[in-house]
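Hydrogens, waters and symmetry mates are skipped; everything else that's a heavy atom, side chains included, is used.
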Amino acid sequence: MDRIGMRIVQDKRDAVVAASDGQNVEKKTVEGRDLLSVLVKANMATDVKDSERMSDEEVMGRHETTATSITWLLYDLSLPQYQQIQAKLREELLTLTIERPTMDELNNLPYLDAVVRENLRYRSVVDSTARCASKDDIVPVSTPYKDRKGIQRMEFRIAAGDKILIPIGSLNRDKGIWGEDADEFK
């Protein structure tokens with residue numbers, strides 16, 4: 001699959017070179033009817049810094065969790081009930097005075113940060129993850145629970161080698177953590 005994907009990217013790059021008639025590709029000349037064409041042309045533009053280019057793997061979409069998160073965010077913002085969020089976000093983004101803001105400049109936009117974090121909570125792309133404990137540990141809990149033997153506990157013990165499932169999606173919609181409106185994008 002990777003080989004096929006890389007071949008598609010290379011074929012698109014060859015087509016861009018052929019269509020440019022030996023001329024340099026620049027940001028302003030980046031046009032195309034499909035996303036792959038736009039990404040390949042943008043990566044080939046001579047007036048784009050190396051630090052702004054995407055790797056072929058990124059162009060191919062190997063970062064599907066990021067792409068899926070962005071897709072869900074754009075979808076949610078397009079819904080009528082979230083038009084106020086979209087308008088407020090657009091207003092904040094329009095305060096940027098440059099075309100290509102740095103990460104520091106983007107990180108200084110509090111509403112953008114809040115919207116992205118809420119999107120990651122509300123639309124968990126990875127529903128769960130598993131880990132393996134590297135050492136024995138005791139994890140405190142905020143609410144006591146009864147174990148299988150009916151004994152009330154305020155912590156649970158983990159032994160080295162134990163596999164731990166972290167239910168990200170469930171935690172992100174837990175009303176005990178997020179409140180009664182945990183099932184809403186807010």
Side-chain angles (χ1 to χ4, degrees), residues 27-28 30-32 34-43 45 47-134 137 139-145 154-156 158 163-186:
K27 284 187 294 189
K28 64 183 175 191
V30 174
E31 295 176 11
D34 63 280
L35 182 58
L36 183 58
S37 294
V38 172
L39 291 172
V40 167
K41 287 179 185 179
N43 274 347
D47 57 341
V48 172
K49 298 176 192 171
D50 286 341
S51 63
E52 295 175 344
R53 297 179 197 280
M54 295 173 69
S55 69
D56 286 348
E57 290 78 13
E58 290 170 319
V59 170
M60 240 176 62
R62 286 194 188 154
H63 298 288
E64 55 274 343
T65 53
T66 302
T68 302
S69 290
I70 292 169
T71 300
W72 274 118
L73 177 59
L74 294 174
Y75 170 77
D76 285 333
L77 292 176
S78 73
L79 297 174
Q81 65 264 35
Y82 302 127
Q83 292 303 299
Q84 290 177 327
I85 294 172
Q86 184 186 122
K88 186 173 178 180
L89 180 59
R90 181 181 297 117
E91 185 179 312
E92 183 179 70
L93 290 169
L94 288 173
T95 65
L96 294 169
T97 57
I98 58 174
E99 182 181 321
R100 293 180 179 270
T102 65
M103 281 307 297
D104 286 338
E105 290 165 324
L106 291 173
N107 287 334
N108 285 326
L109 299 175
Y111 196 68
L112 173 63
D113 183 63
V115 168
V116 169
R117 287 176 185 271
E118 177 63 1
N119 176 61
L120 292 171
R121 180 200 69 83
Y122 182 67
R123 299 284 191 187
S124 301
V125 177
V126 178
D127 193 54
S128 64
T129 189
R131 297 290 187 262
C132 183
S134 60
D137 205 352
V139 179
V141 295
S142 60
T143 306
Y145 70 95
M154 284 299 297
E155 76 273 331
F156 59 93
I158 298 173
K163 295 197 181 355
I164 303 161
L165 177 69
I166 304 165
I168 298 168
S170 296
L171 291 170
N172 286 349
R173 299 286 182 107
D174 187 317
K175 292 180 180 179
I177 297 170
W178 300 100
E180 287 303 311
D181 56 356
D183 288 327
E184 300 173 25
F185 181 82
K186 50 187 169 159

Asker: Check whether NZ of the Lys or CZ of the Arg R173 lies under 6.0 Å from the centre of the six-membered ring of Y122 and within 45 degrees of that ring's axis.
Answerer: yes
Asker: Contact between D113 and N107 at the side-chain level, heavy atoms closer than 4.5 Å - yes or no?
Answerer: no
Asker: Assess whether a salt bridge exists between E91 and K88, defined as any Lys/Arg side-chain N lying under 4.0 Å from an Asp/Glu carboxylate O.
Answerer: no
Asker: Compare all side-chain heavy atoms of N119 with those of L77 and state whether any distance is below 4.5 angstrom.
Answerer: no
Asker: I'd like to know if the side chain of W178 and the backbone of L171 have a donor-acceptor N/O pair within less than 3.5 Å.
Answerer: yes
Asker: Do L96 and L106 come close enough that some side-chain heavy atom pair is under 4.5 Å?
Answerer: yes
Asker: Can you name the closest pair of heavy atoms from R121 and A182 and give their distance?
Answerer: NH1-O, 2.8 Å
Asker: Kindly compute the distance separating CG (D104) from CG (L109), expressed to the nearest 0.5 Å.
Answerer: 11.0 Å
Asker: CD1 of I70 to CZ of R123: how many Å apart, nearest 0.5 Å?
Answerer: 15.0 Å
Asker: State, yes or no, whether a side-chain contact exists between L93 and Y111 at a heavy-atom distance under 4.5 Å.
Answerer: no
Asker: Could you pull out the closest heavy-atom pair between G169 and S124, with the gap in Å?
Answerer: CA-OG, 3.9 Å
Asker: Just so I know, are the side chains of Y145 and M154 near enough to count as touching, which here means a heavy-atom distance under 4.5 Å?
Answerer: no
Asker: I'd like to know if the side chain of T102 and the backbone of E105 have a donor-acceptor N/O pair within less than 3.5 Å.
Answerer: yes
Asker: Looking only at non-hydrogen atoms, find the nearest pair between S128 and P167 and report the distance.
Answerer: CB-CA, 4.1 Å
Asker: How long is the straight-line distance from CG of D127 back to CD1 of I166, given to the nearest 0.5 Å?
Answerer: 12.5 Å
Asker: Hey, are the side chains of F185 and L73 touching, using non-hydrogen atoms and a 4.5 Å cut-off?
Answerer: yes
Asker: Report the residues that fulfil salt bridge (Lys or Arg N to Asp or Glu O under 4.0 Å) with R90, sequence neighbours left out, ordered by chain and then residue number.
Answerer: none
Asker: Can you check whether S78's main-chain N or O pairs, donor with acceptor, with Q83's side chain at less than 3.5 Å?
Answerer: yes
Asker: More than 12 heavy atoms of other residues, nucleotides or ligands under 6.0 Å from CD of Q84: is that the case?
Answerer: no
Asker: Going by distance alone, is a donor N or O of one side chain under 3.5 Å from an acceptor N or O of the other, for E92 and T95?
Answerer: no
Asker: Please identify each residue that fulfils salt bridge (Lys or Arg N to Asp or Glu O under 4.0 Å) with D181, with sequence neighbours left out.
Answerer: K186
Asker: So, taking the atom named CG in L79 and the one named CG in L74, what distance separates them when rounded to the nearest 0.5 Å?
Answerer: 11.0 Å
